[in-house]
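Numbers restart at 1 for each chain; the letters A, B, ... are given by sequence-line order, proteins then strands.
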2 protein chains.
Amino acid sequence: MKRSQEQVNVEEIDLKSFDIFNGLTDAEIESLSQSLVCTSHKRGSVIYDEGSRINGSYIVAGGVLKIYKTGFDGKEQIIRFAKGGDLIGFRSIVSDELACTTARVIQDAILCYVPGDIITSFIKGNPEFAMALMRLTCRELGESNKFLTDIAQKTVRERLAEVLLLLMDTFDLDEEHTLKISLTREELANMVGTATESVIRLLSEFKADHLIELNGRKIKLLNIPKLIKIGNVYV
Amino acid sequence: MKRSQEQVNVEEIDLKSFDIFNGLTDAEIESLSQSLVCTSHKRGSVIYDEGSRINGSYIVAGGVLKIYKTGFDGKEQIIRFAKGGDLIGFRSIVSDELACTTARVIQDAILCYVPGDIITSFIKGNPEFAMALMRLTCRELGESNKFLTDIAQKTVRERLAEVLLLLMDTFDLDEEHTLKISLTREELANMVGTATESVIRLLSEFKADHLIELNGRKIKLLNIPKLIKIGNVYV
DNA sequence: CGGCCATTTGACGCCAGTCAACACCGGTGG
DNA sequence: CCACCGGTGTTGACTGGCGTCAAATGGCCG
């Protein structure tokens, strides 16, 4: 049986390459790397669960996770994705609340556990870091509010186009204009906030209109300006 | 002609009564009150506008404001309300972005302007304050994500019930079980994320079911447990 | 091969958005 | 004093976007 979690050598991880740790002193980086425990996780494993108590945070060293909330009828709403360099779970540490989202691996990932004490001590001891973390949170809040407005006001069609563009921004396209992220139709639906069948139907439409090309879970963006227009996305 | 903005004596405002300033030292409170300029604003006045650059923040000393985003078709989506003790606009200061929301007075308000420099210097100089502000932001982010999920998954009926309960939590009921906040039907719709007519129709239904009583903009909550049930609200 | 899950397509129905008409009210000006 | 007006609230009729249910297909894996 495959183990879903395996220890990884910390030495292999270059902490300084993560933007969020930019403001830390060498001494702090050193102390951080001392307390880190890095592990690898297979697709599907849950890192933390909505409603559970979190005592630490994770820095994503590789792979991709989805961060989602579960609605009262069990349907997932994807809030955002986390990829290399992202810090996840610190919201609960700071606000001293139970986790309000679930984090699940969707591309095999390497995660480094950062004890909550370390986070708070850095916040209190290093204004630079505090400011960086706060900037991050405020940006995220801005994103969340924007998304809220979109879901409340736009049609599913508009939102799907927007989500495709968002995925492009977050995960890039390869040399063939294909999204580098692979999601199930259901995951797409859980981003857009609609039913799986609706996503499938609209993707077919987009394909028929030569806006995209489909090959299993691979989505190739053919006409980005048109997608921007459909999604009413202003940059 | 009525002036929509008038200077108010700073001495009358007790800064220490605002939770957010709890962590500040007496010296910091002193320096803060030196730089404060407090003004009164009538219903309808805009404090800052989506897309504008903000150089400072406001502490609400009294009254109520709505914080909203404007969708691409001009429709407002109310993100939250601000009342006495709330600090508004600091998100843009911290994240160094343009304002992503508009703040408009809906109950005559007294606002004290806090220059951005003061905010950032407090964040950098006072870990306690930094932590408090971050806690606030993180809680708000949690709220926003929850609301996002609700709008994506719940029906308008459920959301309206939820919004009524939210208003109760935020603004309390008077001795007659009536919401202490007065909103137009359109503002209610812009909270719920629906059309004005839908809100009116559903309020009538709630009234017919003896869940609420209506008297102009006054809404009296008659059966809170049932509203909780309708809104699928778990505490 | 059998079973499970993801994907797709079709049919159906309803929630809720839109349009239109009208009542109501306070304010304004002739 | 009354007529007019703009903003707000209410109700009815209509329709279409999209959610739900059901069934067929195909791929993957034990």
Side-chain angles (χ1 to χ4, degrees), chain A residues 1-2 42-44 66 71-78 104 106 149-163 181-208 212-219 230-232, chain B residues 1-2 42-44 66 71-77 104 106 149-163 179 181-208 212-219 230-232:
Chain A
M1 168 187 160
K2 273 183 293 185
K42 290 285 175 197
R43 172 176 169 86
K66 58 177 173 182
F72 83 104
D73 59 350
K75 190 170 161 60
E76 296 177 7
Q77 176 62 44
I78 294 181
R104 185 187 290 263
I106 60 172
T149 308
D150 284 344
I151 284 205
Q153 300 190 358
K154 290 187 178 179
T155 64
V156 172
R157 183 188 188 77
E158 291 171 304
R159 268 141 56 198
L160 179 59
E162 190 171 20
V163 159
I181 182 75
S182 165
L183 299 172
T184 66
R185 300 291 191 256
E186 189 181 4
E187 281 167 339
L188 270 175
N190 292 342
M191 287 193 70
V192 174
T194 186
T196 309
E197 295 93 325
S198 296
V199 164
I200 290 171
R201 264 182 262 269
L202 285 168
L203 282 179
S204 302
E205 274 186 43
F206 286 176
K207 181 179 166 189
I212 62 174
E213 214 166 84
L214 296 172
N215 187 359
R217 292 185 189 168
K218 292 285 173 199
I219 301 177
I230 290 180
N232 283 113
Chain B
M1 168 188 159
K2 275 181 293 186
K42 290 283 174 199
R43 171 176 171 89
K66 59 177 173 181
F72 82 104
D73 58 352
K75 189 171 162 57
E76 296 178 5
Q77 176 64 43
R104 184 186 291 262
I106 60 172
T149 307
D150 284 344
I151 286 205
Q153 299 191 356
K154 289 186 178 179
T155 64
V156 172
R157 181 189 189 76
E158 291 171 303
R159 268 141 56 199
L160 178 59
E162 192 172 18
V163 160
L179 284 173
I181 182 77
S182 164
L183 299 172
T184 66
R185 301 292 191 254
E186 189 180 6
E187 282 166 338
L188 269 175
N190 292 343
M191 287 193 70
V192 175
T194 186
T196 308
E197 295 94 323
S198 296
V199 164
I200 291 172
R201 263 182 262 271
L202 285 168
L203 283 180
S204 303
E205 275 187 43
F206 285 176
K207 182 180 164 189
I212 62 174
E213 214 166 85
L214 296 173
N215 187 0
R217 291 183 189 168
K218 291 287 173 197
I219 301 177
I230 291 179
N232 283 113

- request: Can you sort out the partners of A:Glu213 under salt bridge (Lys or Arg N to Asp or Glu O under 4.0 Å), two or more places apart, ordered by chain and number?
  value: A:Lys220
field: Those residues that, when tested against A:Glu158, pass side-chain hydrogen bond (donor to acceptor under 3.5 Å, both in side chains) (two or more places apart)
entry: A:Thr155
task: Could you check if a side-chain atom of B:Phe72 sits within less than 4.5 angstrom of a side-chain atom of A:Gln153, using non-hydrogen atoms only?
output: no
query: Between CE of B:Met191 and CD of B:Glu186, what distance do you get to the nearest 0.5 Å?
result: 14.0 Å
With B:Lys66 via side-chain hydrogen bond (donor to acceptor under 3.5 Å, both in side chains) - residues at least two apart: B:Glu76, B:Glu187
message: Base contacts versus sugar-phosphate-only contacts with protein, heavy atoms under 4.0 Å: please encode nucleotides 22-30 of chain D as B, S and - from 5' to 3'.
response: ---------
message: Restricting to side-chain contact (heavy atoms from CB on, under 4.5 Å), what partner residues turn up for A:Arg217, sequence neighbours left out?
response: A:Arg43, A:Ser182, A:Thr184
message: So which atom in A:Ile230 and which in A:Ala161 form the shortest heavy-atom distance, rounded to 0.1 Å?
response: CG2-CB, 3.8 Å
- request: Only counting residues at least two apart or in another chain, list the ones meeting side-chain hydrogen bond (donor to acceptor under 3.5 Å, both in side chains) with B:Lys75.
  value: B:Asn190
Distance, rounded to the nearest Å, where B:Asn215 contributes CG and D:dG9 contributes C1': 13 Å
message: From NZ of B:Lys207 over to C1' of D:dT11, roughly how many Å is that when rounded to an integer?
response: 13 Å
- request: Please report, rounded to the nearest Å, how far the P atom of D:dC18 is from the NZ atom of A:Lys154.
  value: 13 Å
query: Would a 4.5 Å heavy-atom cut-off, applied to side chains only, mark B:Gln77 and B:Ile151 as touching?
result: yes
message: What's the angle between the local helix axes at either end of the helix from C:dC1-D:dG30 to C:dG30-D:dC1, using five pairs per end and rounding to 10 degrees?
response: 30°
Nearest-angstrom distance from the residue atom CG of A:Leu203 to P of D:dC18: 14 Å
Validation: residues 198-208 of chain B side-chain donor-acceptor distances under 3.5 Å, sequence neighbours left out:
{"unit_1": "B:Ser204", "atom_1": "OG", "unit_2": "B:Ile200", "atom_2": "O", "d": "2.9"}
{"unit_1": "B:Glu205", "atom_1": "OE1", "unit_2": "B:Arg157", "atom_2": "NH1", "d": "2.7"}

- request: Please confirm whether the backbone N or O of B:Val192 pairs with a side-chain atom of B:Arg159, one donor and one acceptor, at under 3.5 Å?
  value: yes
d(NZ, B:Lys218; P, D:dT8) in whole Å: 17 Å
message: Could you tell me if the side chain of B:Leu188 sits less than 4.5 Å from the side chain of B:Ile219, heavy atoms only?
response: yes
query: What is the 5' to 3' range of DNA chain C, first to last nucleotide, that sits under 4.0 Å from any heavy atom of chain A?
result: C:dA6 to C:dA11
Base D:dG12 paired with B:Arg201 side chain (donor-acceptor, <3.5 Å): yes
task: Please state how far atom CG in A:Asp73 lies from atom C1' in D:dT20, giving the value in whole angstrom units.
output: 13 Å
- request: Figure out the CG/P separation between B:Leu214 and D:dG9, and round it to whole Å.
  value: 11 Å
message: Tell me every residue that passes side-chain hydrogen bond (donor to acceptor under 3.5 Å, both in side chains) with A:Arg104, counting only those two or more places apart in sequence or in another chain.
response: A:Tyr68
- prompt: Checking all strands, does A:Arg217 fall into the base, sugar-phosphate, or nothing category for heavy-atom contacts under 4.0 angstrom?
  reply: sugar-phosphate
field: Short side-chain N/O contact from B:Thr184 to OP1 or OP2 of D:dT8, under 4.0 Å
entry: no
statement: Scanning both residues in full, the closest heavy-atom pair of A:Asn232 with A:Lys154 reads O-NZ, 3.3 Å
- prompt: What parts of residues 187-195 of chain B reach DNA chain D, counting only heavy atoms under 4.0 Å away?
  reply: none
task: Verify the contact: side-chain N or O of A:Arg157 to OP1 or OP2 of D:dG17, cut-off strictly under 4.0 Å; return yes or no.
output: no
